[in-house]
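Below is one structure, written out as structure tokens; the observations come after it.
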Amino acid sequence: MAAVRAARHAPAPAPPQAPSARPAAPVPATGRIAVIGHRGAPYDHRENTLASLRAALEAGADAVEIDVRLTADRVPVLLHDPTLERLWGHDRRLSSLTYSQVAEVTAGGVPTLRAALALTAEYPSARALIDLPDPAAAQAAVFEVHESGATDRVYYCGGGLSMLAVRAADPAAELALSWCRTAPPRPELLARVRPRWLNYHFGLVTEGLVERAHDDGYLFAAWTTDTPRTARRLKRAGVDAVTTNRVSAVRAAL
């Protein structure tokens, strides 16, 4: 994600001798709020497909958020749900199918993480935000990112367990701790995860919450909003990034 407040730095409650977080990618435009395509552009193309990712990037997204899970043979692929039913009409758990079986029943529609990273590499200023709904996929996802030479173009988001798994696999990874509760993350969790970003559900975002996060040294992201009115409210609150299903509309509002 393009960090838009260059003067701020990641918090440093790290354990002794733990490496610091990798610096954020260059800012695309000073002072601009980053816009992240949620699973690409799902109103135009099926979510988490290469067509959806490309549409979001062509619309001007600074990053695309992708959900990563593992097949039975531990291939990281793009799918939010644990089954293929909602998107592909097959009531089969992804974890019960090999990648070749997934490719067969979806006519190649479910891309691998490697293919998604190759696509985002075509847009030098863009990044991929890997969401990990299943912590068990963290190690394989981090390995694929490193094998693809994409460490400087990728960061990760998710709940505490997923982010702890990524932190264990890559002590230098840039993390966005996702949060959807009124109670703030516990200091102990923040110290272990060492996120660069706090990634809040947009309905919880207030100016005071963003200000406190900035004062504590975090960048602040909000998910997932699709209306210009809410995007403008988030801008007034001071957020650094917004995740949306409608990149063009939200970008225009910001």
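For the single chain, residues carry numbers from 1 onward in sequence order. Side chains are part of it too, since the values below use all heavy atoms of this structure and drop only hydrogens, waters and symmetry mates.
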Next item on the list: Provide the closest heavy-atom pair for L117 versus A128 in the form atom of the first, atom of the second, distance.
Entry: CD2-CB, 4.2 Å

Notebook entry, point to check: Any salt bridge between R233 and E207, counting N to O under 4.0 Å?
Noted result: no

Margin query: Regarding D240 and K235, does a basic nitrogen lie under 4.0 Å from an acidic carboxylate oxygen?
Written below: no

Checklist line | A173 to V166 - nearest heavy-atom pair and separation | finding: CB-CG1, 3.9 Å

Margin query: Tell me whether R46 contacts the main-chain N or O of S52 through its side chain, where contact means a donor paired with an acceptor under 3.5 Å.
Written below: no

Next item on the list: Start with the C-alpha gap between T120 and R153, add the side-chain angles, then the distance that decides, and say whether side chain to side chain donor-acceptor pair (under 3.5 Å) holds.
Entry: CA-CA 9 Å; T120 58; R153 300 186 285 107; 3.2 Å; yes

Checklist line | Side-chain ion pair, R74 and E144, N-O less than 4.0 Å | finding: no

Note to self: Does the plane of the ring in W197 sit parallel, tilted or perpendicular to the ring in Y155? Use 30° and 60° as the thresholds.
What the structure shows: tilted

Notebook entry, point to check: With a 4.0 Å cut-off, would you call E147 and R114 a salt bridge?
Noted result: no

Note to self: Checking side chain to side chain contact (heavy atoms under 4.5 Å, CB included) between L234 and each of L254, T225, I33, which is the one that passes?
What the structure shows: T225

Next item on the list: Flag this pair as yes if the NZ/CZ of R181 is under 6.0 angstrom from the six-membered ring centre of W179 and inside a 45 degree cone about the axis; otherwise no.
Entry: yes

Note to self: Strictly distance-based, threshold 3.5 Å: is any side-chain N or O of N48 a donor or acceptor partner for the main-chain N or O of L78?
What the structure shows: no

Notebook entry, point to check: Is R196 close enough and on-axis enough to Y218, meaning under 6.0 Å and within 45°, for cation-pi?
Noted result: no

Next item on the list: Would you check if L198 and Y200 make a side-chain contact, meaning some heavy-atom pair closer than 4.5 Å?
Entry: yes

Margin query: Could you check, using the six-membered ring where one of them is a Trp, whether H201 and W223 have ring centers closer than 6.0 angstrom?
Written below: yes

Item checked: Test: D131 and R39 ion pair at under 4.0 Å -> no

